[in-house]
Amino acid sequence: MADKAGADRYIDQTLTEVGLSLAEVKGRYPNELSGGQAQRVAIARALLTRPSLIVADEPVSMLDASLRMSIVNMFRKLKDEQHVTFLYVTHDLATAFYSADRIAVMLRGWIVEMGPVEQVLGSPKHPYTVSLKESIPQADPDKVWNTKTSLVELETDEYMRVGCRFAGRCPAAMDVCRQQVPPNFNHEGRMVKCFLYE
Ligand code: SF4
């Protein structure tokens, strides 16, 4: 890529991999791109160096549902065709389930459950993963949220807590949970950080 034409060809090829072309974006300011285009350009920039790993932190949180799926599909394509590994950081369990092979569920800096995504989200074992899955809104008027939680208070409490950081909210909390940090246990093909699986 010593010459500009060669550089343009390489950039165009990389943009093609994310469903764009150089002609579509060249000379345009970021505010002249749609949300989906801007995300794709950002991903193409990351791909230019041919990385084996891309850390994508909430890459689709600002996009609408259809664009979200197109970006997630693109991750899968890049993973299958170019063997790029994505570390996909998200609060969106639906796209995580769709796009990931393995998932690590985090609570206050701990990985509390980790394993194949079908197992962890299909049949969650850690009480926090269970509550996370139950928190997904459902289009059912009988399933309403009627409890209020002060997250600021919980966050401080949980980081400072002796023992399990989820003990204040866990419906299965035992005495040992308030005294000791739970180790990581292997259970049904995944890791669970919970005394219930000792
Ligand atoms: S270790 Fe105890 S408090 Fe923590 S998630 Fe398991 S049962 Fe609940």
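Just so you know, ligand 1 is whichever comes first in the structure, and atom 1 is the first atom listed for that ligand. What you see below is based on every heavy atom in this structure, not just the backbone, and it leaves out hydrogens, waters and symmetry mates.
Remark: Arg68 is not positioned above the aromatic ring of Tyr98, lacking an NZ or CZ atom under 6.0 angstrom from the ring centre and at most 45 degrees off the axis.
Looking at His126 against ligand 1, only its side chain comes within 4.0 Å, counting heavy atoms.
Taking a cut-off of under 4.0 Å to the non-hydrogen atoms of Cys170, the atoms of ligand 1 that pass are 3 (S), 5 (S), 7 (S), 8 (Fe). Close approach of ligand 1 to Ala167 (heavy-atom distance below 4.0 Å) involves ligand atoms 3 (S). Taking every non-hydrogen atom of Cys194 and a distance limit under 4.0 Å, the qualifying atoms of ligand 1 come out as 1 (S), 5 (S), 6 (Fe), 7 (S). Close contacts between ligand 1 and Phe195 involve ligand atoms 1 (S), 6 (Fe) [criterion: under 4.0 Å to a heavy atom].
Arg165 places no side-chain N or O within 3.5 Å of a backbone atom of Gly163 that could act as its donor or acceptor partner. For Thr129 (side chain) and Lys125 (main-chain N/O), no donor-acceptor pair under 3.5 Å exists by modelled atom type.
With 2.8 Å as the limit, Cys164 counts as an N, O or S neighbour of atom 4 (Fe) of ligand 1.
By the neighbour-count criterion of 12 heavy atoms within 6.0 Å, atom CZ of Arg178 is densely surrounded, having more than that number from other residues, nucleotides or ligands.
For the residues Gly168, Gly163, Ser131, Cys177, the heavy atom positioned nearest atom 3 (S) of ligand 1 is part of Cys177.
A tilted orientation is assigned to the rings of Phe166 and His126, their planes being inclined by 30° to 60°.
Between the CG atom of Asp101 and the OH atom of Tyr88 there is a distance of 14.0 Å, given to the nearest 0.5 Å.
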